[in-house]
Amino acid sequence: MEVSALPISPTNKEKLISAGYTNLASLVIVSPIRLSRELQISVQEASNIIKVTLQCSGAVGLDGRHVVLRGAQTAWEMFSDEQNLKHISTGSEDFDGILGGGIHCGEVTEVGGVPGIGKTQLGIQLGVNVQIPIVYGGLGSKAIYIDTEGSFMPERAYQIAEACIMDTLESFRFHRKGAEDCHERMQPNYFLANILYFRICSYTEQIAVINNLNKIVVEQKDVKIVIIDSISFHFRQDFEDMALRTRVLKELSQTLMKLAKKFTLAVVVMNQVTTKRTDGSFQLTLALGDTWSHSCTNRVILHWDGNDRRAYVEKSPSLPQASASFSVTGKGIRNAISHSKRVRMM
Amino acid sequence: MNSSGPTRALSTFQSQGPPWMNGVELLDDALRNKRFLPTGCEGLDTLLGGGLRQGHLTELVGPSASGKTQICLYVASYVAVKHFGSIVFFDTSNSFSPNRVASMINQICEPVHKEVFFETFLTVLFIFKIPTHAQRQERWIMKIMNSIHCQSVFDIFSLHDALHELESTLMKKTISEDKKICMLIVDSVSSLITPILGSKDSQGHSLMVSSGYLLKKLAHEWNLAILVINHMVSGERGTTKPAMGESWKCIPHVRLQLSRSPGSRICSISLLRHTSMVSRSEFIPFFDCFITLILGYFRYLIALQNTIQRFLF
């Protein structure tokens, strides 16, 4: 910040600049007496200038407390904020358990897995679950769904929404306090109307939409989850310059991080798998390379274990590595039931 | 005031140059102000000869999910618990988890807790109001967590802004002695630099180098121990190497590499580079020390393999 932007009289500004005080950093360390001598003004006036400078540079907050950085929060403030945060349920208690209660708001979570494991199902389920009204223990917010693969099925979303409403009403059968008000909200059509869907057909569109999300979230006010299914599809098709791809993707991930932090919303990014050669053998890993693997706060891998679907928390700053089984049923993502076996088409 | 313009300009110009220091003063400064901040993790402390040194830029590299953020959070909690001063944490990937910090503080504070209990006991005697154990604990954790400041930074320009702002805060000396900032953690610096590095124009490259030097300047002038996180990229023949290339390589004073075999809870840390190793000189033959002085630095390629207990749960 420049001295010329300070809310002081033009004469003093001129005196400051001609005395060599051009930036605020030089002004805050000087004593009022020295300043008054150099500018040939009264000590009172000089100390006023310093006070104004301190306020403008953010050293003294409005309550007079000294802060280290303007945008910074102390760990305790963040801790108290996090206590009040709600998590978005995946629909399966076991899955929520390993995630520490569900998908965290304010973080970017990457979900990867082989085709057919249920990534899109999880995406739709989260888009529906985020809308469960607050009286029923949900977040009562909207979802943004960015579809790059064309795999979002509205009929399936309707089905999942219907099942979600039924299950929610079932578990809240006995305490109906305040529930009457949101009766009209508990309709599948209402749920579907609050999923904002983007169909993306190229990586240019994908970059444009992600950069535009900030504006959309501000306009829509109440978005608590952004689902991108999948981030990697277009970037794996026709991108020749791999170094450029790394840079573009990293920038996208930083944009998403910023969005997640600013609006405390959850970003869920789906990713495909690829084979990687390590020590002479081929292993399945998530696509988009090593640099991308650092780009998300949490990483969850969905995989097959015999006939069961399992979710594995591979990395997270706050959670231990753990795995849990889940199943994809007609109602959506639910706890694994032992008798539900995958029908193998041979 | 009444001297002519050019003379004034010249004198201002001359006064900009830093004054010289002699070796004794430097040594004195190093001994007095450049303390080793213990990280609380024995293996790491032995490897570094006491901990992270104030005035040094330490870099921690490692593949995804190797425990880099966990080390950052642990070091921050430990330094806060031991009251060395305030910590500033620049978070680029929303990975500063206050919950995890709280539980780490709880873990670390158990041995300390008795004296705190005694302290509170004394104050209680005079106030005649006995807070419950939980309240005491919470108040204590609050005090510690308030000395960790976390700022989200999502691009290189906001990192520069934040660093300049930090510098002016440090200049103001408005912070009391016990709250003095002693450590800066950037998790991770590579997330900010990767989007701008590698295109044809050299702007990204110069931004990277200038942020490196800004960090080093802050470390030197304000006696901060700086810890930055870098990630690994694949190099030739399927090997991995630290990201950000050769020109970043010469910026940090100390370079540490973390590795962890998949599924295991033990991670090992090795020293890739150390500029001084003053406290270690007794372990190295004299000839090596001499070489060290000539080369300025030496590489300790996995010479010291220290296995540290992973802090995870």
Side-chain angles (χ1 to χ4, degrees), chain A residues 20 24-25 28-29 38 40 54 57-60 66-83 100 106-108 243-244 246-251 253-255 257-258 260-262 277-279 289-291 293-297 299 314-321, chain B residues 1 12 63-65 69-70 73 76 80 86 88-89 92-102 141-142 144-152 154-155 162 164-169 171-175 181 188 190-192 194-199 231-234 238 240 243 263 312-313:
Chain A
L24 293 189
V28 288
I29 46 165
E38 284 186 14
Q40 288 160 344
L54 280 176
S57 62
V60 180
H66 293 291
V67 288
V68 176
L69 289 165
R70 251 172 303 166
Q73 274 187 306
T74 67
W76 180 256
E77 285 162 4
M78 291 174 78
F79 185 63
S80 325
D81 288 351
E82 208 180 85
Q83 302 291 313
E107 288 176 7
V108 179
L244 181 66
T246 307
R247 286 204 299 282
V248 169
L249 278 169
K250 194 74 200 179
E251 193 155 358
S253 94
Q254 289 303 117
T255 316
M257 286 286 174
K258 201 170 175 174
K261 187 80 189 175
K262 191 172 169 191
R277 225 185 114 155
T278 40
D279 306 326
D290 284 332
T291 309
S293 66
H294 295 268
S295 304
C296 296
T297 322
R299 185 172 237 194
E314 197 199 46
K315 78 159 196 172
S316 162
S318 53
L319 302 164
Q321 292 183 324
Chain B
M1 271 302 144
T12 324
S64 165
T69 302
Q70 295 301 317
L73 296 178
S86 301
V88 177
F89 198 105
T92 65
S93 44
N94 297 346
S95 54
F96 183 85
S97 161
N99 259 325
R100 188 86 186 102
V101 170
I141 288 185
M142 183 179 101
I144 289 179
M145 284 180 83
N146 270 331
S147 62
I148 304 175
H149 304 269
C150 176
Q151 163 111 328
S152 293
F154 297 110
D155 55 55
H164 284 299
E165 204 187 325
L166 185 67
E167 195 180 9
S168 64
T169 317
M171 273 185 196
K172 275 170 225 151
K173 298 181 184 127
T174 46
I175 303 156
I181 299 164
S188 66
S190 48
S191 314
L192 305 175
T194 318
I196 55 161
L197 197 64
S199 57
H231 63 234
M232 310 277 282
V233 290
S234 37
T240 52
L312 264 178
F313 316 98

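Sequence lines set the chain letters: A, B, ... in the order given, protein chains first and strands last, and positions in each chain run from 1.
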Exactly one candidate in B:Ile144, B:Ile141, B:Val101 meets side-chain contact (heavy atoms from CB on, under 4.5 Å) with A:Trp76; the answer is B:Ile141
Applying a strict 4.5 Å limit to non-hydrogen atoms, the region of A:Gln254 in contact with chain B is both
Which heavy atom of [X] sits nearest a heavy atom of [Y], and at what distance?
X	Y	result
B:Ala102	A:Phe79	CB-CE1, 3.6 Å
A:Ala72	B:His149	CB-CB, 4.4 Å
A:Lys261	B:Asn94	CD-OD1, 3.6 Å
A:Arg247	B:Pro195	CD-O, 3.4 Å

To the nearest 0.5 angstrom, please state how far the [atom1] atom of [X] sits from the [atom2] atom of [Y].
X	Y	atom1	atom2	result
B:Ile148	A:Glu77	CD1	CD	12.5 Å
A:Lys262	B:Ser152	NZ	OG	12.5 Å
A:Ser293	B:His231	OG	NE2	7.5 Å

I'd like to know if the side chain of B:Ser93 reaches the main chain of A:Ser295, judged simply by a donor and an acceptor atom lying under 3.5 Å from each other, with no hydrogens or angles considered. no
Could you tell me whether a side-chain N or O of B:Gln70 sits under 3.5 Å from a main-chain N or O of A:Pro317, the two making a donor and an acceptor?
yes
Between [X] and chain A, with a heavy-atom cut-off of 4.5 Å, which part of the residue counts as in contact: side chain, backbone, both or neither?
X	answer
B:Ser188	neither
B:Met232	backbone
B:Ser191	both
B:Ile196	backbone
B:Phe96	both
B:Thr194	both

**Message:** As a quick check of understanding, evaluate side chain to side chain contact (heavy atoms under 4.5 Å, CB included) for B:Ser64 and A:Lys315, giving each step before the final call.
**Reply:** CA-CA 8 Å; B:Ser64 165; A:Lys315 78 159 196 172; 3.7 Å; yes
Taking the side chain as C-beta and beyond, is there a heavy-atom pair between [X] and [Y] under 4.5 Å?
X	Y	value
B:Asp155	A:Glu251	no
A:Leu319	B:Arg100	no
B:Cys150	A:Met78	yes

Most heavy-atom pairs under 4.5 Å with chain A, out of B:Leu73, B:Leu192, B:Thr92, B:Thr69, belong to B:Thr92
